[in-house]
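The structure appears below as structure tokens.
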Amino acid sequence: MSQIIVSLVVALVALWFRSARKTRANWLKQLNLPGVWDLDDTRSRRISLELRGTLSAGIYRFRTDNRNETGKWRITGNSIVFALDAGSEERCELRLFDSGRIGINGPQHIRQIYLKRADNIVPLRSNS
């Protein structure tokens with residue numbers, strides 16, 4: 001009898017892990033982070049965040065008029081962690097508002113909303 005209960009508990013835990021993994025994968029697909037993100041601010045369109053890599057980690061470049069920062073990024077829980085090339089890390093809360101619209105809140109990114117830049121440019125080949 002105890003073997004049946006143990007087997008049932010193991011099966012339930014396995015189903016829960018599978019469901020959690022699937023939910024996280026769907027969330028990462030909705031975020032669709034790789035690409036170029038512009039700050040949603042009508043006063044300042046010169047702030048951009050470029051994320052390259054997979055859906056959950058990669059390299060980044062943050063650009064403003066007077067700042068050009070590079071490093072690595074990764075998703076941890078509901079946060080995005082920026083690891084600067086200089087060695088320090090910055091953990092920011094990450095929120096999905098809508099498709100192509102995210103919010104980042106952290107020490108260097110205080111309540112900032114970013115819009116994903118459209119990547120609909122198709123390269124044309126020349127016949128030379």
Side-chain angles (χ1 to χ4, degrees):
M1 181 70 170
S2 65
Q3 290 178 342
I4 294 173
I5 293 174
V6 170
S7 298
L8 184 62
V9 169
V10 168
L12 288 174
V13 169
L15 285 173
W16 181 80
F17 273 116
R18 182 177 175 202
S19 173
R21 197 174 354 175
K22 192 173 186 179
T23 301
R24 178 156 181 84
N26 287 338
W27 182 68
L28 289 172
K29 285 179 187 175
Q30 284 181 320
L31 281 172
N32 193 21
L33 288 178
V36 179
W37 296 82
D38 293 315
L39 185 66
D40 185 18
D41 186 359
T42 56
R43 295 168 288 160
S44 175
R45 277 288 187 191
R46 292 182 224 120
I47 297 176
S48 67
L49 176 62
E50 181 180 354
L51 302 172
R52 299 287 174 218
T54 66
L55 292 176
S56 61
I59 59 172
Y60 79 93
R61 172 176 282 152
F62 180 70
R63 293 185 211 185
T64 66
D65 290 336
N66 55 1
R67 187 170 148 203
N68 190 13
E69 176 182 295
T70 60
K72 295 180 181 176
W73 67 273
R74 70 182 185 278
I75 300 294
T76 304
N78 290 332
S79 300
I80 184 167
V81 178
F82 297 106
L84 283 70
D85 286 339
S88 62
E89 283 192 354
E90 177 184 4
R91 178 181 294 270
C92 301
E93 178 186 357
L94 177 64
R95 298 181 81 192
L96 173 66
F97 292 117
D98 199 3
S99 179
R101 189 166 187 247
I102 59 171
I104 298 177
N105 187 23
Q108 298 291 325
H109 305 273
I110 299 172
R111 295 183 184 159
Q112 294 180 337
I113 296 175
Y114 289 91
L115 300 174
K116 190 163 191 182
R117 194 179 294 172
D119 287 339
N120 60 356
I121 300 172
V122 178
L124 300 176
R125 295 184 185 180
S126 63
N127 293 333
S128 54

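If you read the sequence from its start, that first residue is 1, and numbering goes on from there.
- Between Ile102 and Ile113, the closest side-chain pair of non-hydrogen atoms is not below 4.5 Å.
- Nearest heavy-atom pair across Cys92 and Gly106 is SG-CA, 3.7 Å.
- Partners of Phe82 by ring-ring contact (aromatic ring centres under 6.0 Å, His included), not counting sequence neighbours, listed by chain and number: Tyr60, His109.
- For the pair Asn68 and Arg63, the tightest heavy-atom approach, listed with the atom from each and the gap, is OD1-CG, 3.5 Å.
- Under the salt bridge (Lys or Arg N to Asp or Glu O under 4.0 Å) criterion, Arg111 pairs with no residue, sequence neighbours left out.
- To the nearest 0.5 Å, the span separating CG on Leu115 from OG on Ser48 amounts to 12.5 Å.
- For the pair Val36/Arg52, a side-chain contact is recorded, criterion being any heavy-atom separation below 4.5 Å from C-beta on.
- With Glu90 contributing its side chain and Gln108 its backbone, the two residues share a donor-acceptor pair below 3.5 Å.
- To the nearest 0.5 Å, atoms CG (Asp40) and CD1 (Ile47) are separated by 11.5 Å.
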Let me see the working for Glu93 and Asn78 under side-chain contact (heavy atoms from CB on, under 4.5 Å), right down to the final yes or no.
CA-CA 6 Å; Glu93 178 186 357; Asn78 290 332; over 6 Å; no
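- Taken to the nearest 0.5 Å, the NZ atom of Lys72 stands 8.0 Å off from the CG atom of Asp85.
- Checking side-chain atoms of Ser19 against main-chain N and O of Leu15 turns up no donor-acceptor pair under 3.5 Å.
- Checking side-chain atoms of Thr64 against main-chain N and O of Arg67 turns up a donor-acceptor pair under 3.5 Å.
- Cluster annotation: Val9 and Trp16 are assigned to the same hydrophobic cluster (Ile/Leu/Val/Met/Phe/Trp/Tyr, side-chain heavy-atom contacts under 4.5 Å, transitive).
- The backbone N or O of Val81 sits nowhere less than 3.5 Å from a side-chain atom of Trp73 that would complete a donor-acceptor pair.
- Leu55 is listed as a side-chain neighbour of Pro34, based on a closest heavy-atom distance under 4.5 Å.
- Glu50 has its side chain out of reach of Arg117: every pair of non-hydrogen atoms, C-beta onward, lies at least 4.5 Å apart.
- Side-chain atoms of Ile75 and Trp27, non-hydrogen and from C-beta on, do get closer than 4.5 Å to each other.
- Between the CG atom of Leu39 and the CZ atom of Phe62 there is a distance of 7.5 Å, given to the nearest 0.5 Å.
- Grouped with Leu8 in one hydrophobic cluster are Leu12, the linkage being side-chain heavy-atom contacts under 4.5 Å among Ile, Leu, Val, Met, Phe, Trp and Tyr residues.
- Atom CD1 of residue Ile80 and atom CG of residue Leu31 lie 8.5 Å apart, to the nearest 0.5 angstrom.
- Atoms CD and CD1, on Gln112 and Ile110 in that order, are 8.0 Å from each other to the nearest 0.5 Å.
- Residues Ser56 and Arg24 fail the side-chain proximity criterion, which asks for heavy atoms closer than 4.5 Å.
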